[in-house]
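A note on names: the letters A, B, ... follow the listed sequences, proteins ahead of strands, and every chain is numbered from 1. Heavy atoms only: backbone and side chains are in, while hydrogens, waters and symmetry mates are out.
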Protein chains: 2
Amino acid sequence: MTRADRPTIRDVARAAGVSKGTVSFALNGRPGVSEDTRERILAAARDLGWTPSTKARALSVSRSFAVGLVLAREPELLGADPFFPSFIAGVERTLSDRGQALVLQVVPESEEEAGYRRLAGAGRVDGVFLLDLRVDDPRMALLEELGMPAVSIARPDVPSGFPAVLVDDRPGIAAAVEHLAGLGHRRIAHVAGPAHFLHGSRRRRAFEDALAEAGLPAGPVVEADFSAAGGAAATRRLLDSDVTAIVYSNDLMAIAGLSVAVECGRAVPAELSVTGFDNTDLAGYVSPALTSVRTDPYLWGRKAAEALLDLIDGGTVDDVPVPAAQLVIRASTAPPPPQ
Amino acid sequence: MTRADRPTIRDVARAAGVSKGTVSFALNGRPGVSEDTRERILAAARDLGWTPSTKARALSVSRSFAVGLVLAREPELLGADPFFPSFIAGVERTLSDRGQALVLQVVPESEEEAGYRRLAGAGRVDGVFLLDLRVDDPRMALLEELGMPAVSIARPDVPSGFPAVLVDDRPGIAAAVEHLAGLGHRRIAHVAGPAHFLHGSRRRRAFEDALAEAGLPAGPVVEADFSAAGGAAATRRLLDSDVTAIVYSNDLMAIAGLSVAVECGRAVPAELSVTGFDNTDLAGYVSPALTSVRTDPYLWGRKAAEALLDLIDGGTVDDVPVPAAQLVIRASTAPPPPQ
DNA sequence: CGGAGTTACTAAACCGGTTTGATCGAAACA
DNA sequence: TGTTTCGATCAAACCGGTTTAGTAACTCCG
């Protein structure tokens, strides 16, 4: 019943008739071991079913072979966000190839700093991902202080010393506005995410710029919180105005908004056009199907993990470009009603 | 710039004028250290800002101080599922209190076994959570073979030797059926999840039992895959039949189904009643607002983590009861149209 | 006053790897 | 043939904790 203890490098050494050190060299493919011996050692290791102990390696080389991700969002908001699962799946894709693990930490917002400090203090991870960047994000300085390598998703406003995956939401928002303008809309509103989030404020900014670019007057902007409730409330306020289209900062708010519009007797898209952002699984299956901006968090995750591991391995890492988001046109957008 | 190396237990020992061993005893609150000395040591540790090295502790006590979660779902399905983020948040709640970390692994379905083996082989985790139980789940035997402690969410069909958090979906489904029956519905359909998933087949079974219990004839059941696309397709098939209500196995399919019904000109709830499962954030903000079953994955996560840690600490752990799910009645259910 | 038991502590081994410094034998060179 | 050089190998130290065995001093008891 009790399985035999796992073989250690010492057992392999004994079996191959060499010393521990030689085994270590052989297994790590380092020079100074004869081809003959190397093969004998590898065979012995295979026969014994030897696997390196991460614990021992971690201690001797002062590495954790793991990277961390701290999430300070409320669980409810997380639940509705399609970003994380895909992002994490992408991260894993890279990590598992390179023998690393992902340590996840979900904390209340008030304990965010403590979360990073715990991870660093206990030496649990060799680096972290920086998500949900905020304006004047205090985490940059914190990580610098902790001496913790990091890769951010999207480039922060102030140069951070950390490489970033150059996620840029602006082309997606711009495409949505252009699409609406092209359909003939002139009074377009925006339901924004919280301004203290970089992606919240940048999408808003992109919206404003795109309106100007299209030669349209500035439209109303309502700040919401990326939640369904927030999207619904914001929409209610906008329905009083005379806008003919609303660009939402994410799909969740857009879908909630869509329902509010319908309940208020506004036909979508005949009387009101609506666009989302994220292109969630559900976007194509609401009624009318939601025009949205497709992003690729899986790819971002892969790239971010590659960059982070390279950084940890001591390389200098440049910012990582990624393809721009694409507008997916569905049934929720149409020409505005003839005035 | 280069921060001073972190102090080790040796530095603390030196500062307090005692041996390493004594420091270890003092810090772990073990007997055999005078009150005087203990305080001196604690003070020294505090002054030096000492933090135990997880790496070193892990090696010497053969523990990882981490638990694992392997997800073999497709990223798209994960993205839409509100379960994980909440569950993980609950898990973290317990883990962080007890100084443990969560190692996440997202793998393609084909590599599920490899995922567990990697985690076990490298000694990354001391135990794992078992989610998305399947009928005849091979992971039970695998984990037994690996000697890896585990806690499952929901009780498997065959006794597994692992404790389970007794999540039971049946009362929720039963409540939905009773609610519909009480409204006067007699022909009720079910859109089920994949039958090889325990929660898929159990919800279906609960549906069938509840119909019988209510004295209603068996209704049509369509098996789908928990996705929006699947829910939409299943709904299309059911609209041809003469059912007046559909009980969905999750909210995502229900919301997609709702849209299909509307697009086919069936008024909800006037002509067709619809219920979901999960009570996602969005449920209350679609039109009509979705009657759904509220579950509590955050609590499950907390309980599961407690059980797992207790199990790892060598305790014998019983199955953990949790409160039954509650039906949340909203606007998507109403009496059937007068025939 | 001597032996047993207890308390507080130290020194050293240990966990399983990596890494350094020393050693040894054979080939290369003068 | 003696010396040098080099590749292959080994023994031992090290990472930073925990744990065990051993010891010195101190108390208790007859």
Side-chain angles (χ1 to χ4, degrees), chain A residues 4-42 44-45 48-66 99-100 120-124 126 313-314, chain B residues 4-42 44-45 48-66 99-100 120-124 126 313-314:
Chain A
D5 277 350
R6 285 178 34 197
T8 74
I9 202 171
R10 198 194 173 93
D11 300 321
V12 177
R14 203 169 292 147
V18 295
S19 73
K20 273 172 58 177
T22 305
V23 174
S24 177
F25 278 7
L27 292 166
N28 291 310
R30 309 226 297 199
V33 184
S34 72
E35 202 44 49
D36 212 36
T37 313
R38 186 184 303 277
E39 269 165 28
R40 200 152 30 91
I41 292 174
L42 292 179
L48 272 67
W50 177 84
T51 333
S53 152
T54 307
K55 299 193 224 317
R57 252 155 53 84
L59 180 59
S60 64
V61 303
S62 304
R63 281 275 221 96
S64 305
F65 303 107
Q100 313 280 317
R124 287 261 189 203
D126 302 323
D313 285 344
Chain B
D5 277 351
R6 284 178 36 197
T8 76
I9 203 171
R10 199 194 172 93
D11 300 321
V12 177
R14 202 170 291 148
V18 295
S19 72
K20 271 171 61 176
T22 305
V23 173
S24 178
F25 279 7
L27 291 167
N28 292 309
R30 310 226 298 200
V33 183
S34 72
E35 202 43 48
D36 213 36
T37 313
R38 185 184 305 276
E39 270 165 26
R40 201 152 29 92
I41 292 174
L42 293 179
L48 273 67
W50 177 85
T51 333
S53 152
T54 306
K55 300 194 224 313
R57 252 155 52 87
L59 180 59
S60 65
V61 302
S62 304
R63 282 277 220 93
S64 305
F65 304 106
Q100 313 280 317
R124 287 259 190 206
D126 303 323
D313 285 345

**Quiz item: A:K55 side-chain donor-acceptor pair to C:dG17 base, under 3.5 Å** = no
**Nearest to side-chain heavy atoms of B:S19, which nucleotide of C:dT10, C:dT18, D:dC15** = C:dT10
**Item:** Minimum-distance nucleotide (side-chain atoms of B:L59 versus C:dG17, C:dT20, D:dG16)
**Value:** D:dG16
**Item:** Sidechain-backbone polar pair: A:T8 side chain, A:R10 backbone, donor-acceptor under 3.5 Å
**Value:** yes
**Complete:** Between A:P7 and A:F25, whichever has its closest DNA chain C nucleotide further toward 5' is A:P7
**Request:** Give the rounded distance in Å between these two atoms: CG of A:D36 and C1' of C:dG25.
**Result:** 16 Å
**From C:dT19, C:dG16, D:dT19, nucleotide with atom closest to A:R30 side chain** = C:dT19
**Asked** Where each residue is assigned the nucleotide of DNA chain C containing its nearest heavy atom, which of B:V61 and B:T22 is assigned the position nearer the 5′ end?
**Response** B:T22
**Asked** What nucleotide among C:dT18, D:dG16, D:dT19 has an atom nearest to a side-chain atom of B:S24?
**Response** D:dT19
**Request:** Give the rounded distance in Å between these two atoms: CD1 of B:I9 and P of C:dT10.
**Result:** 13 Å
**Request:** Evaluate the side-chain proximity of A:S24 to A:I9: yes if any heavy-atom separation is below 4.5 Å, no if none is.
**Result:** yes
**Prompt:** Is there a donor and acceptor pair closer than 3.5 Å between the side chain of B:K20 and the base of D:dG17?
**Reply:** yes
**Item:** Sub-4.5 Å side-chain heavy-atom contact between A:V23 and A:R14
**Value:** no
**Asked** Given C:dC9, D:dG17, C:dT18, which nucleotide is nearest the side-chain atoms of A:S60?
**Response** C:dT18
**Prompt:** Nearest nucleotide by nearest heavy atom, which residue falls closer to the 5' end of DNA chain D, A:V18 or B:L27?
**Reply:** A:V18
